[in-house]
A.B. asks: 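This is the structure, below, for whatever I ask next.
We're numbering straight along the sequence, starting at 1.
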Amino acid sequence: MTQSTSAEESRLQATIRWAGTDILFWLTVRQYFSGFFKRNFSKTKSLANEEKRNRNKGQKSQLFLIITGTILFIDITFVYINYQTGYDALLENIQHEGRDLANGFRVLQNNEEERLLDIASEIADHDEIQELILSAETHVRAGGDPAGLEEIRDRLFVIAARFSHPQIHFHLFTDCLSVLRFHEPAQFGASLCGSRPMISSTAGSNLSNAGFEVGATRSGMRAVVPIRAFDSEKGTFVRAGSVETVSPIYDVVSRFAEDINATAVVLLEEQHLRHTLSDRAINMTYLDGEFINGFVFEAASDFNLQAELSDPELIEELLKDGTHLVDHGGSVLSVTPLPLYGFAPAGEEPPEIGRIILWRSADGAFEAFHATQATNVAFAIGAFILIELLFLTGLRVATRQLRQLVDRQTADLVEANARLEEKSESVSRVARELDKSRQEAVTARRAAEAANWAKSRFLASMSHELRTPLNAILGFSSIIRDKMFGNDGADKYAEYAGDINRSGQHLLEIIDDILDIAKIEAGQFKMNLELISLSRLVRDAMRLVAVRAEEKAIDLRFDAAGEEIDLVVDRKGMKRVLLNLLSNAIKFTPRGGGIVIRIVRLGDRTVRLSVADSGIGIPADKLQKVLEPFEQVDNEYTRSESGTGLGLSLVKSLIELHAGRVDIVSEEGEGTTVSVTLPAGPHVQNRRDRETALSHAA
């Protein structure tokens, strides 16, 4: 690479020198005919230099402003994208937590119903309780006064108290007559078939029921299980009554709120209460019937909230659908409202009778978000300042080097002018030589421009190839460092760590290619020759690229010629050759295509390895160029694929180090076959000649 650069600089200097010589020749002719030409030329040159300096200064300032504006735009875009991405992630996390709260509360409701049913079933299966309820049912059915059941009620209370449940209610089958209420033992004898749907449904269907139901004094989760007792006179089991177990809704939401460190509030709809309870019961139980936005406070995990929830605007905000954010009391709340469904008999749609509102403070999440954004802004400002300093330093260094180059070229021109003055007597001969030199200068300039164009394309490609993984490394490492997804985002952090690792591997591959090209051109590439199996090396390379081939549904096949062939080569170099050829074939083969690797012995001491694909192909006029450093085929498909243009050049250089050659056969749109031929010599051996090959390699 250094030798190539020196040659190009020499050609550029020769171009400038011959062009200057041409100019000085015609100036000398003019001086020959005019004695005062030198004085006029000096004045004109001084004015031209001053104008050139002013023009260069203006161009430098304009370039500085353009690049500064571009960097500033990229910085602002970076900050905006990071802010938007972080805010979207914050909202998604809050909504995910809301869904978890809702699912958790539903699970709690189901578990509570199952628990109440289990307790009620255990009570209903108790033999002595069955006998007592049957005795009470027989007494009432015979026309006895319910007040005469005091002894039965006392025995029921003692037995049922063993089940350690605070609210148990026994009813008879006849007219759903209330026998015993644990929470209000003095009340009994009331008929409940018309006022309590769950009890009426159990009495009518003899089936167990569970769910939420509003009561005149208490609302909550309830379970009603029928009690069947053996009637000795009839010789069979008969329906005697039912048992009801109750958990106040306050207990349910309090347990849930404590488990998840959240706040829970239960609001009941006015319409349902008006339909279910009398106005007197509503006024006694629900704050004298004060409804807000069609709802009334029933229970909360913290009863101190009852007065706070008398604000209609706050209630309206809390009742909005879906998980949402509410500003309240200087804090940000993540609120999730859930519909509260009442009891409905089997086969009927349960009615929506209220709302359960769950919320948590989102202040911590927002503080972490704002801290992350402050870090991003500080990083962007620091990066902007650093890049500006680097740019200014680079601009100054480039200006200094350009000035030195101009000074050297000026010295060359002065020297050429001195030589021209010494040869003024042979003007005609110099004119012919200058004409020839002018043509050579044009040729040299074109060659230099072509070389510079190739390098410019390489630098542009390398800028993209290096910046893309670097941006990924910086972005994902920033997310992991700042714990953007909190302490529960291990899966995301692992995924991003994998992305950082792949980006680093990509950078390492690019740098390895550049270093190998440089070592080969400088004659410093050391080969470690060893005896290897060519077929095994091909299979190893195929395993490394198999995932990329599967992603594009490419059929990757190896067609070996039966006989195993051993080569004395540099293993690492040959593996790089195979990986570059397979990677290029996969990259430029459309989805669903095919790639075939073949090994063929040519004569006794020559082997050809070929990689054939069904890809886009290479135009005929580009076949030789693609083997040169920094060259790529320029078309719509290749522009969409990343690459530095070093792959095939590195393949050619490595094969030539093994005294081999590379051939390319391609037809545009039909596919490409790249063949590597290794020549005769100790490098090609059969397995029988293993010891001989190793001795040659040594």
Side-chain angles (χ1 to χ4, degrees), residues 113-211 213-248 251 277 281 343 345:
E113 290 180 6
E114 292 295 331
R115 188 180 74 86
L116 293 174
L117 283 171
D118 289 342
I119 295 173
S121 297
E122 187 176 0
I123 294 172
D125 290 340
H126 195 279
D127 294 338
E128 192 171 353
I129 288 177
Q130 291 176 358
E131 293 175 2
L132 291 171
I133 293 297
L134 179 59
S135 296
E137 170 69 13
T138 302
H139 173 78
V140 172
R141 188 175 295 174
D145 186 355
L149 299 176
E150 183 174 353
E151 182 180 351
I152 293 176
R153 293 174 64 253
D154 290 342
R155 290 176 63 191
L156 278 174
F157 191 91
V158 172
I159 297 171
R162 301 172 189 169
F163 292 92
S164 301
H165 189 73
Q167 292 198 32
I168 302 174
H169 191 183
F170 291 97
H171 334 98
L172 299 181
F173 176 69
T174 300
D175 203 21
C176 304
L177 196 67
S178 174
V179 177
L180 175 63
R181 302 183 186 183
F182 262 41
H183 57 290
E184 294 178 358
Q187 294 187 16
F188 63 92
S191 176
L192 302 177
C193 274
S195 59
R196 295 290 306 282
M198 193 179 300
I199 297 174
S200 301
S201 176
T202 299
S205 64
N206 202 29
L207 297 175
S208 298
N209 291 291
E213 193 173 76
V214 172
T217 57
R218 299 193 181 191
S219 300
M221 304 298 300
R222 303 174 186 271
V224 180
V225 175
I227 298 176
R228 294 170 57 84
F230 184 77
D231 189 341
S232 58
E233 294 181 0
K234 296 181 179 181
T236 184
F237 281 90
V238 297
R239 289 189 293 180
S242 59
V243 59
E244 177 185 22
T245 52
V246 183
S247 284
D251 292 342
L277 303 178
F343 168 77

A.B. asks: Hey, what do you get for CD1 (Ile123) to CD (Glu244), rounding to the nearest 0.5 Å?
C.D. replies: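 Output value for this atom pair is 11.0 Å.
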A.B. asks: Nearest 0.5 Å, what's the CE-CG distance between Met198 and Leu192?
C.D. replies: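 Going from the CE atom of Met198 to the CG atom of Leu192 covers 12.5 Å.
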A.B. asks: For the residue pair Ala203 and Cys176, what are the closest heavy atoms and their distance?
C.D. replies: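 Minimum heavy-atom contact is CB-SG, 3.8 Å.
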A.B. asks: Applying salt bridge (charged side-chain N to carboxylate O under 4.0 Å, His left out) to Glu137 and Arg239, what does each step give before you reach the verdict?
C.D. replies: CA-CA 9 Å; Glu137 170 69 13; Arg239 289 189 293 180; over 6 Å; no
A.B. asks: Counting C-beta onward and ignoring hydrogens, is there a side-chain heavy-atom pair between Leu172 and Arg141 closer than 4.5 Å?
C.D. replies: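 Not in contact.
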A.B. asks: Measure the CZ-CG distance between Phe237 and Leu134 for me, rounded to the nearest 0.5 Å.
C.D. replies: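 Atom-to-atom, Phe237:CZ and Leu134:CG are 10.5 Å apart.
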A.B. asks: Between atom CD of Glu131 and atom CD1 of Ile152, what is the distance when rounded to the nearest 0.5 Å?
C.D. replies: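 These two atoms lie 11.0 Å from each other.
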A.B. asks: Rounded at 0.5 Å granularity, tell me how far CG in Leu117 sits from CE in Met221.
C.D. replies: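 With rounding to 0.5 Å, CG (Leu117) is 9.5 Å from CE (Met221).
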A.B. asks: Give the intermediate values and the outcome of side-chain contact (heavy atoms from CB on, under 4.5 Å) for residues Leu116 and Arg222.
C.D. replies: CA-CA 7 Å; Leu116 293 174; Arg222 303 174 186 271; 5.6 Å; no
A.B. asks: Begin from the C-alpha positions of Leu149 and Val140 and carry the test side-chain contact (heavy atoms from CB on, under 4.5 Å) through to its verdict.
C.D. replies: CA-CA 9 Å; Leu149 299 176; Val140 172; 4.1 Å; yes
A.B. asks: Do the numbers put Arg153 on top of the ring of Phe188, so that NZ or CZ is under 6.0 Å from the six-membered ring centre and no more than 45° off the axis?
C.D. replies: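 Yes, a cation-pi geometry holds between Arg153 and Phe188.
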A.B. asks: Given the rule in the side-chain contact (heavy atoms from CB on, under 4.5 Å) test, do Leu156 and Ile133 qualify, once you have shown the distances and angles that lead to the verdict?
C.D. replies: CA-CA 8 Å; Leu156 278 174; Ile133 293 297; 3.8 Å; yes
A.B. asks: Using 0.5 Å steps for rounding, measure from the CD1 atom of Ile129 to the CD atom of Glu122.
C.D. replies: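 Here the rounded value is 9.5 Å.
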A.B. asks: Would you find more than 12 non-hydrogen atoms of other residues, nucleotides or ligands less than 6.0 Å from Arg115 atom CZ?
C.D. replies: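 More than 12 heavy atoms, drawn from other residues, nucleotides or ligands, come within 6.0 Å of this atom.
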A.B. asks: Name all residues meeting the side-chain hydrogen bond (donor to acceptor under 3.5 Å, both in side chains) criterion together with Ser191; count only those two or more places apart in sequence or in a different chain, and write none if there are none.
C.D. replies: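 So Ser191 forms a side-chain hydrogen bond (donor to acceptor under 3.5 Å, both in side chains) with Asp175.
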A.B. asks: Arg228 and Gln130: which non-hydrogen atoms are nearest, and at how many Å?
C.D. replies: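 Shortest heavy-atom separation between Arg228 and Gln130 comes out as O-CD, 3.2 Å.
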A.B. asks: Please determine whether side-chain contact (heavy atoms from CB on, under 4.5 Å) holds for the pair Phe170 and Ile227, giving the CA-CA distance in whole Å, both sets of side-chain angles, and the decisive distance to 0.1 Å.
C.D. replies: CA-CA 9 Å; Phe170 291 97; Ile227 298 176; 4.1 Å; yes
A.B. asks: Of all heavy-atom pairs between Phe182 and Ala161, which one has the smallest distance, and what is that distance?
C.D. replies: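 Smallest heavy-atom distance, with atoms named: CZ-N, 3.7 Å.
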